[in-house]
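Note on naming: letters A, B, ... go to the chains in the order of the sequence lines (proteins, then strands), and numbering restarts at 1 for each one.
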There are 2 protein chains.
Amino acid sequence: IGYDILNNIVQYHYGGAVYPINPRAQEILGHKAYPDLSSVPSDIDLAVIAVPAPAVKGVLEQCGKKGVDSAIIITAGFKEKGPRGAGLEEELLMQARELGVRVVGPNCLGIIDTGSALNASFAAGMPLAGHIGFFSQSGAMCVAILDWALGENVGFSTFVSLGNKMDISETEIMLSMGENENTRVILGYLESIDDGPRFMKAAREVSKTKPVIIIKSGTTGAGAKAASSHTGALAGSEHAYRAAFKQSGIIHAESMQALFAYAMAFASQPLPKGPSLVIITNSGGPGILAADACERSSLHLTPTRKETADRLRDFLPPTASVYNPIDIIGDATHERYEKTLDVILKDAFTHAVLILLTPTAAVEAEDVAQGIVRLAKDADKPIMTAFMGEKRVRGARKIFQDHAIPTYDYPEDAVAALNAMLLYRQWLEKPERKYRSFEADTDKVRKVFASVINQHRHDLVESEARQVLSAYGFKVPESRISRTTQEAAVAASEIGYPVVMKIASPDVLHKSDMGGVKAGIENETMVKEAFFEITSAIQLRQPRARILGVMVQEMVLQGKEVILGITRDIQFGPMIMFGLGGIYVEVLKDIAFRIAPLSVEEADAVIRDIRSFPLLRGVRGEAPADIEGIRDALLRLSQMAIDFPEIIEADINPLLVRPEGQG
Amino acid sequence: IGYDILNNIVQYHYGGAVYPINPRAQEILGHKAYPDLSSVPSDIDLAVIAVPAPAVKGVLEQCGKKGVDSAIIITAGFKEKGPRGAGLEEELLMQARELGVRVVGPNCLGIIDTGSALNASFAAGMPLAGHIGFFSQSGAMCVAILDWALGENVGFSTFVSLGNKMDISETEIMLSMGENENTRVILGYLESIDDGPRFMKAAREVSKTKPVIIIKSGTTGAGAKAASSHTGALAGSEHAYRAAFKQSGIIHAESMQALFAYAMAFASQPLPKGPSLVIITNSGGPGILAADACERSSLHLTPTRKETADRLRDFLPPTASVYNPIDIIGDATHERYEKTLDVILKDAFTHAVLILLTPTAAVEAEDVAQGIVRLAKDADKPIMTAFMGEKRVRGARKIFQDHAIPTYDYPEDAVAALNAMLLYRQWLEKPERKYRSFEADTDKVRKVFASVINQHRHDLVESEARQVLSAYGFKVPESRISRTTQEAAVAASEIGYPVVMKIASPDVLHKSDMGGVKAGIENETMVKEAFFEITSAIQLRQPRARILGVMVQEMVLQGKEVILGITRDIQFGPMIMFGLGGIYVEVLKDIAFRIAPLSVEEADAVIRDIRSFPLLRGVRGEAPADIEGIRDALLRLSQMAIDFPEIIEADINPLLVRPEGQG
């Protein structure tokens, strides 16, 4: 492998000095070889290490002594090989930190930088120079993408195989690509993310200047299982990384195909200034398919204005359709394509153009492609193409590739890529994140948690949870435990009718299902009845449950139940959950997530994300729910989740307060 | 164009006799030309007509005289040109019917039949002989698909450009392809369907022996608008044709890409016998992506059994993963691929295999492809491939194409195609459709409709609707109109408490929203209050509404409100709608459709189709709803919709009966 790497460095004409290190050779590939690092006569910027795993430590030691501050460890046989390899990798990392050497890898393919013509990898081939930076947690993906780039003439600026990410992570590579002047678009393949919050912070910065497109695998249960058996990386839950991408401006490619489709578009075209798309086609069918795809996206078809329609009618045959999709019909030649495109590019209300072609007898696809390339030079809007078929459009596709016009096999892909560009533009236009902070009695919370820890418990009991919540300004309905009907009646009259009564038992989890909850209790008679019914229902259905009594609670008179919650994702930390209470969460699974801390705008957005949001706004003449109140509650909860990493999980439901904490 | 067609017929060596008709030529392309049909010395099987539009009638006349019973009219300039062209086409159809000539077209590209080497089209090129039949409502799609077939070496049996479908429709072509022995898979591109019920009946028959894969464009609003400006065909509503496809076994391709992907798989591979898929890969990343895609489908990853795992461990390196996805790692050669595939093909618990390859340095993609082709010969399960990259896998893809092994650029497409095959197999295994019929007093309904027609009305009033529904065995809650509080109190006491009261006004459509409904009225005092509140609310909010009184209705005491309805689709006829009442339909749009008549199984399926179905089954200890009762109600409604085509729309809601009919 060392030889392959050196060969790549030499054959692609790296401009700097190269020193092969090999104790058993005088010269390799025309370069004088040295027995070890210390015998190299000059300073070294980067070491590429491809010795067997047990020898890596020694080489790294030499790097430190020689003052080399960057190394790529190609060698495999570390974390990916199980616990023993992981231990070895841990030692290696400590050593690198001590020596002050930054490391890419181990277990990677290497890196490629087309700007300096450096191919320090054992990949087969060197991509054209271009503006796409790519990093990948899988060496295989590097190989596949490189091969695709070579086949389709797509240019790249840098290629980084992250390997086991022992030292340098996706976050650092993303930041460095953000600063690399040759890179305009950043692509990444990830299986895991090491430090979620740091990654999000970096992504927010970088995505404000360059699009970051990421494909994340292991998103489903089966995929994640495959991922962890493969790299030992813990795959993030789907909810968490989707929220994280959304909150940090990352463009999420749902498939390899989307990754390529987006990369082509972002690398070569300006962003659309708005959602209005014009489709030009020489046949109806593909035009309709494109219109369907457009309708399903955030784009829309520009209605052709009279002025533009008149200009088109000047030269189009009468059976052509000047309404979008503009159908210049089957006998269209390249001249007709060019005239039409010219008119549309000048139309100020059009933000993007998609040109479709079916290889009819009348048309030379290559001539059309040449014409589009010519007009695209001065265009200030994105131009995409999808030429249908294969044999008679190959030449045209090649012309587009050579001139950086995105071209797709099917109209749907072109629309998807354009839609991603539009969404990215909307991200760029978002105002600065605004946070809000609330006064909170953190000392009180700290005391509660300390006492829970002292008692070696992991969960809070209800009264403790109430203290924690009220410390963050939540209004917790008043509530008391009663052991007799007498006590219950007293509690109810002191709290004030109506009340809710619930079984108090650590063993009854689904209180309602078991008949352990009665609401709307209006007077003393009803209290006594409810006490009896609740306790006997539980004794009947769960005879072994320990019954501590019956909880009498203030009944919160409001129409909607919402559920807020905290869960903690292993990669991204605390996540805030939101949903409408009851069946909406339990049966319809209608919930939305954001990673904490939430900005004010994100708190608003998570409320609007659920399908049942219209119910909150009020339907059928109902009063709308207090959405600002919900937003503030989400922000308070977010603040609590950040202040107290001890909280692993919590649920808040206006009628049911049931948090769990871990001390 | 006539010359191009003749040229196609001649150059691809059609075996039968060919007679060019042209009054101004002696000989064309080596064939003696005749001035008209009557001068041709022998009988003629098929006439291809490519004369200008005004001359078509005369030629068709000649066909009739000569006894030619089949013609393809290539000529354009009919329905697609507007009302005048449509009139011309209408005349042509009547003439053809009189003469007994069946016609494909007009405005079409022609037909191709590789079995008889007949290319009676003006398309550029002739596909390889194969087993795919394709019909298309768009000539451009024929051109595009033909060009794709030529580029990818995909074989076809027949190609039919339907054109304006004046006489021969998609249904007849589908039926004829169903009988064609050379055709194993039927593909179609449709913009409209002429006779929905007939199409469904034919599709049900054909799909029991051959897969029918259809892409339907114009499914969204924008697409449908584009479709109707293009062909004048009325595009079906998305709900209707999705239901129709589901109910008749049609495999719905959502995009051009899916159409091609499915076609390749169905044309060459056996159907999977079950859902268990094994993925073989030489790299983790693509394996995880495939596993993700699998998880999102109806397929699942076969857990590797111990026996199979042991066999694999015999030759795989220790770092390989024998668990599905089986990762034979980056240094895998073609021998390792073959050994692995051999073991998996012999595993009885595996129903399908997907082989992924990343072009690592160790592997020759073409050798792997050769090995797979060899093993696939005797395989009884579907084998799909996705080789990542482009340049270094092109050769392998070519080998797969030449040997009819489906190969895809991305693993996701392979999984999607396999999933379509699995769903088709499940369709094949479905039991016969069972219908159920209920006694119904159709005379009574006929009388109601007759009286409505006599009064020149389009809508039924509530009492009429009640009669119609009860004639079909629906239990309609008792109900009376009252004009005074006194009358209301009498009505309520006779009906029996509790009652519901509703405004009776033809002008108040959203009764609840306007405060025009009160439920749970228990006694006379409440009746009087409700009467006053309802009438004053309406007077306040809709001062111009005509108030006929207040309806007093039996209150149906049941937990769930469901909504059933009839709507009529222009292409497919009556559709039955189902949803949970209230906000589920109105806010969450949680509804499902089936085309009538519903089979018993379909009535069950439509109930389970809605997202909120778990609520019907009962949550949190509730009693389950009477699902059999709902099913019977759906079947009764279906029967009513079929019996009375006069019914354009109807809604039934247990608490609100409000049908509209058209006489």
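Residues B:I288 and A:S217 approach most closely at CG2-OG, 3.5 Å, considering heavy atoms. The minimum heavy-atom distance between B:A144 and A:T358, with the atom names listed, is N-CG2, 4.0 Å. The two residues A:E412 and B:E254 come nearest to each other via the heavy atoms OE2-O, 4.4 Å. Here the shortest heavy-atom pairing between B:S283 and A:A140 reads CB-CB, 2.8 Å. Minimum interatomic distance between A:E390 and B:W148 (heavy atoms only, all atoms of both residues): CB-CA, 3.6 Å.
The backbone N or O of B:V143 lies less than 3.5 Å from no partner atom in the side chain of A:R392, so there is not a single donor-acceptor pair. The closest donor-acceptor contact from the side chain of B:D147 to the backbone of A:K391 lies under 3.5 Å.
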Steps toward side-chain contact (heavy atoms from CB on, under 4.5 Å) verdict (A:T319, B:K81)
CA-CA 7 Å; A:T319 50; B:K81 287 253 174 144; 3.3 Å; yes

Kindly determine whether A:R611 and B:K589 satisfy side-chain contact (heavy atoms from CB on, under 4.5 Å), including the steps that lead there.
CA-CA 10 Å; A:R611 287 195 306 269; B:K589 315 279 178 223; over 6 Å; no

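Contact count versus chain B (heavy atoms, under 4.5 Å) is highest, among A:Q257, A:E152, A:M141, A:H300, for A:Q257. Counting heavy-atom pairs under 4.5 Å between each of A:L289, A:L150, A:T360 and chain B puts A:L289 at the top.
Note that CG of B:D409 and CE of A:M256 are 9.5 Å apart. Values are rounded to the nearest 0.5 Å. Rounded to the nearest 0.5 Å, atoms CG (A:D292) and CD (B:E238) are 8.0 Å apart.
The parts of B:S255 that come within reach of chain A are both its backbone and its side chain, each placing non-hydrogen atoms under 4.5 angstrom from that chain. Using a 4.5 Å cut-off between heavy atoms, B:F387 does not touch chain A at all. For A:I215, the part lying near chain B is the side chain, with the backbone staying farther off; criterion is any non-hydrogen pair under 4.5 Å. In this structure, chain A has a heavy atom under 4.5 Å from the side chain of B:D413, while its backbone stays farther away.
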